[in-house]
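Here the structure is laid out as structure tokens; the discussion comes afterwards.
One-based numbering, in listed order, for ligands and for the atoms of each.
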Amino acid sequence: MLTAVERKIEQFIIDLDDKEVSALYAKLPHGKRLRAKLILSIAGTSLLVVKTAAIVEMIHAASLLHDDVIDDADTRRAKPSLNALYGNKTAIMLGDILYSKGLFELTNISTDVASIISHAVMQLSLGELKDVSLSKSFNSNKSIYLAMIYQKTASLMEASAGAAALLSGKDKVAYMTYGRNLGMAFQMIDDLLDITTDSQTLGKPALHDFEEGKTTLPYIYLYEAMDSVEQQKLQSLHGKALNSEEQAWIKEMMYDKAVIQRAFDEAKVLVEEAITLMNARGESALSGIAMAMIEREF
Ligand code: FPP
Ligand code: MG
């Protein structure tokens, strides 16, 4: 059923009537289309639903194009990022084009759906700015981290589920909670994978987040569990290119203090809550999507 979404995105790109944009779009890896999957699983496959899913995926792709420029990322989904291939200017403009086309198409859905999605895009942008600001110093505050990942990642999944509930006359609050929990867990696991997966499997350099100044949940827990000498050492490595010895020390400390497991368990609680909500509604496909998230190798 996702192919209908792919075709709709392709149609939106063709509408732009620009060969360069079509060629650039063709270079973008599609990813898991998690947001589209959520929308279709909640609301079915009517034209309006497929269009909404296509719009959300275009906005998401735009946000990743900008994110890779902001994060200086050379790779995305194990392939060279668009900024690496064609430079920052092209990546930013393709992002703007996908984003503005998405917002334009949103006006053809409904005011309610347009409002919920565009509000989430605002949150995404606020969250990304917070991510950038936080990375300038060592953040050891968990609630600040959680608020940032809610805005940066969970808000669009929450809004996707909410829009789908609106389109299908389902209970908006329950589905939005499901989307928010999934989004929070998704980002927590993405942050864990940056630590636990080797760079080849990950398709991007490992421990890149910390080198970029991001203190994700395992770093926050690690800091909490350390004595003051260790804390000082960890802080001194923050935001720097790490040699293999420093990388090994961080990883060893993380396993010693069991913070990887602690962060994963926290993501798991959110996913289990989401599963319970959907099981109560007989939404087995949605429970399955949530389950798959915590069954990933990490
Ligand atoms: C990935 O985070 C980034 C996001 C989920 C949101 C990015 C949002 C913006 C750039 C603002 C919105 C912009 C537009 C054009 C709609 P990450 O760097 O932690 O994850 P990664 O490992 O996938 O890079
Ligand atoms: Mg990034």
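A ring-centre distance under 6.0 Å is found for F138 and Y223.
Relative to atom 6 (C) of ligand 1, the option among K152, H208, K214 with the closest non-hydrogen atom is K152. Here atom 16 (C) of ligand 1 lies nearest to V121 when heavy atoms of V121, T153, D131 are compared.
Neither the backbone nor the side chain of D194 comes within 4.0 Å of ligand 1, counting heavy atoms alone. Neither the backbone nor the side chain of D209 has any atom closer than 4.0 Å to an atom of ligand 1 (non-hydrogen atoms only).
Assignment of H60 to the shell around ligand 1 is not supported, since no heavy atom sits closer than 4.0 Å. Note on ligand 1: A73 sits outside its first shell, no heavy atom being nearer than 4.0 Å.
Taking only nitrogen or oxygen atoms, main chain and side chain alike, D190 reaches within less than 3.5 Å of ligand 1. On a distance-only criterion, Y99 and ligand 1 share no N/O pair closer than 3.5 Å. Close N/O approach between D67 and ligand 1 is found [any backbone or side-chain N/O within under 3.5 Å]. Between D71 and ligand 1, at least one N/O pair is under 3.5 Å apart. Annotation: D191 places no N or O atom under 3.5 Å from an N or O atom of ligand 1; distance criterion only. Taking distance alone, with nitrogen or oxygen atoms compared against 3.5 Å, E128 stays at or beyond that limit from ligand 1.
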- Query: Step by step, would you call Y86 with M93 a side chain to side chain contact (heavy atoms under 4.5 Å, CB included)?
  - Reply: CA-CA 11 Å; Y86 303 105; M93 288 322 302; over 6 Å; no
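Close contacts of ligand 1 with H66, meaning ligand atoms under 4.0 Å from a residue heavy atom, involve 10 (C), 15 (C). Counting atoms of ligand 1 from 1 in the listed order, those under 4.0 Å from a heavy atom of S125 are 11 (C), 12 (C). Against a heavy-atom cut-off of under 4.0 Å, R76 is close to the following atoms of ligand 1: 21 (P), 23 (O), 24 (O).
With respect to the Mg ion (ligand 2), D67 has OD2 as its nearest N, O or S atom. The N, O or S atom of D71 lying closest to the Mg ion (ligand 2) is OD2.
Between Y175 and the choices E283, R180, R281, E158, the side chain to side chain donor-acceptor pair (under 3.5 Å) rule is met once, by E283. The only option from D71, D190, D191 that meets the salt bridge (charged side-chain N to carboxylate O under 4.0 Å, His left out) definition with K214 turns out to be D71. Paired with Y219 under the rule side-chain contact (heavy atoms from CB on, under 4.5 Å), one option of N139, I250, V259 passes, and it is I250.
The shortest distance between side-chain heavy atoms of M184 and T153 does not fall below 4.5 Å.
Judged by distance alone, the side chain of N83 and the main-chain N or O of D68 form a donor-acceptor pair under 3.5 Å.
The number of heavy atoms from other shown groups lying within 6.0 Å of NZ (K251) is above 12.
D67 has a carboxylate O that lies under 4.0 Å from a charged side-chain N of R76, or vice versa, which qualifies the two as a salt bridge. R35 and E57 are not joined by a salt bridge, as no carboxylate oxygen comes within less than 4.0 angstrom of a charged side-chain nitrogen.
The Mg ion (ligand 2) has no N, O or S atom of D68 inside 2.8 Å of it.
A donor-acceptor pair shorter than 3.5 Å can be found between the side chains of S143 and N141.
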